[in-house]
Protein chains: 2
Amino acid sequence: MNIGDVARRSGLPAKTIRYYEDIGFIKPRRGANGYRYFDEKELHKLAFIGRARSLGFTIEDCRTLLALYEDEDRASADVKRVAKQNLAEIDAKIADLQAMRATLSHLIAECAGDHRPDCPILDDLAKC
Amino acid sequence: MNIGDVARRSGLPAKTIRYYEDIGFIKPRRGANGYRYFDEKELHKLAFIGRARSLGFTIEDCRTLLALYEDEDRASADVKRVAKQNLAEIDAKIADLQAMRATLSHLIAECAGDHRPDCPILDDLAKC
DNA sequence: ATAATGGTTCCAGTAGGTGGAAGGTCAAGG
DNA sequence: CCTTGACCTTCCACCTACTGGAACCATTAT
């Protein structure tokens, strides 16, 4: 498979796949013309990374998860630990965003949103 | 005031204040020794930006909001529009994160988390 | 032969700062 | 007067995870 096929099948942009090669996730062979050639295993790895990324795992998490995935003797506890850590980070981000959301939607509700200059949103931002 | 005083009073790191000067938010005068000198108005502006940033507004949003703040003839509708746009982005992020969270916490619940290698988390990531 | 498509490398830029080096300045204490 | 330590300066690099674009080579279809 060429990179375009892998891109289509994995759902990742070709640029991202090249980037993932740069940072060492995959090492596709090269054809005589210099083109990358991917086998099913590499496609699989890329899809794995793509799915992990979409669940909010960082690139470093992906390295760990891939290593665990390829380690037949892994303990599921190790995977669970990484996943729980990620969950905690997701929860922290949600909490942050919800706090912002609460403040902001309160301010929006208070703002008349008309032609006049008086604005509780600006008042709040400016308050010392 | 020197930059350290402003940092303490605004809650922003001195590095960030220098950065905000670089990108044109403030233009503090300089003393004979080259030190930046800040007046109350600049402190105020920095605090305004800090608060806006903590509510999730981008730097570009901050530029808009500051301009509105300094425009006596603004319409509160303009401020409200920026705020609503930001709220929509926050909501989109929360929704994304909650979708991740749901999938991930489901997988975590299914994983035994022991010494055995079987792991529904990896199975899910690997599934084509 | 040519055009469209797809591949390659490399460099730069994104957002919003943060870290660190190398060096100038100022106030207080011995 | 000198030193120490806290502050200040600039500049350059680095962070995450890509993304865009230029310049160029290869393949395929017409």
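None of these values were measured; they are calculated from a predicted model.
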Quiz item: Among B:Lys45, B:Lys15, B:Arg30, B:Lys27, which one satisfies salt bridge (charged side-chain N to carboxylate O under 4.0 Å, His left out) with B:Glu21?
Solution: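 For B:Glu21, the salt bridge (charged side-chain N to carboxylate O under 4.0 Å, His left out) check succeeds only for B:Arg30.
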
Quiz item: Does any non-hydrogen side-chain atom of A:Ile23 lie less than 4.5 Å from one of A:Arg63?
Solution: yes

Exercise. Just call it for B:Arg36: base, sugar-phosphate, or nothing, with non-hydrogen atoms closer than 4.0 Å on any strand.
Key: sugar-phosphate

Quiz item: Just checking B:Tyr20: base, sugar-phosphate only, or nothing, at a heavy-atom cut-off of under 4.0 Å?
Solution: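 Sugar-phosphate contact only - B:Tyr20 comes under 4.0 Å of backbone atoms but never of a base.
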
Quiz item: For D:dA17, does either OP1 or OP2 sit under 4.0 Å from a side-chain N or O belonging to A:Arg63?
Solution: no

What's the closest nucleotide to the side chain of [X] if the choices are [options]?
X: B:Ile3; options: D:dC8, C:dT9, C:dG17; answer: D:dC8
X: B:Arg53; options: C:dT8, D:dA17, C:dG16; answer: C:dG16
X: A:Tyr19; options: C:dT18, C:dT8, D:dT19; answer: D:dT19
X: A:Thr16; options: D:dT9, C:dG16, D:dT19; answer: D:dT19

Interatomic distance where [atom1] belongs to [X] and [atom2] belongs to [N] [whole Å]:
X: A:Phe25; N: D:dC18; atom1: CZ; atom2: P; value: 9 Å
X: B:Arg18; N: D:dT10; atom1: CZ; atom2: P; value: 7 Å
X: A:Asn33; N: D:dA26; atom1: CG; atom2: C1'; value: 7 Å
X: B:Asp22; N: C:dA15; atom1: CG; atom2: P; value: 15 Å
X: B:Ile17; N: D:dC8; atom1: CD1; atom2: P; value: 10 Å
X: A:Leu12; N: D:dA17; atom1: CG; atom2: P; value: 14 Å
X: A:Ile23; N: D:dA17; atom1: CD1; atom2: C1'; value: 8 Å
X: B:Glu21; N: C:dG17; atom1: CD; atom2: P; value: 15 Å

Practice problem: Identify, between A:Asn2 and B:Phe57, the residue whose nearest nucleotide on DNA chain C lies closer to the 5' end. | Solution: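 Here A:Asn2 is the residue nearer the 5' end.
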
Quiz prompt | Pairs where residues 101-110 of chain B contributes a residue and the test side-chain hydrogen bond (donor to acceptor under 3.5 Å, both in side chains) is met, not counting sequence neighbours | solution = A:Asp91-B:Arg101

Practice problem: Would you kindly check whether a donor in the side chain of B:Tyr35 faces an acceptor in the base of C:dG24, or vice versa, at under 3.5 angstrom? | Solution: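 Such a pair is found, so the answer is yes.
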
Quiz item: Is there a donor and acceptor pair closer than 3.5 Å between the side chain of B:Lys15 and the base of C:dG16?
Solution: no

Quiz prompt | A:Tyr20: partners by ring-ring contact (aromatic ring centres under 6.0 Å, His included), with sequence neighbours left out | solution =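 If we apply the ring-ring contact (aromatic ring centres under 6.0 Å, His included) test to A:Tyr20, skipping adjacent residues, the hits are A:Phe25.
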
Quiz item: Taking atom types as modelled, is there a side-chain donor on B:Ser76 or A:Asp114 under 3.5 Å from an acceptor on the other?
Solution: yes

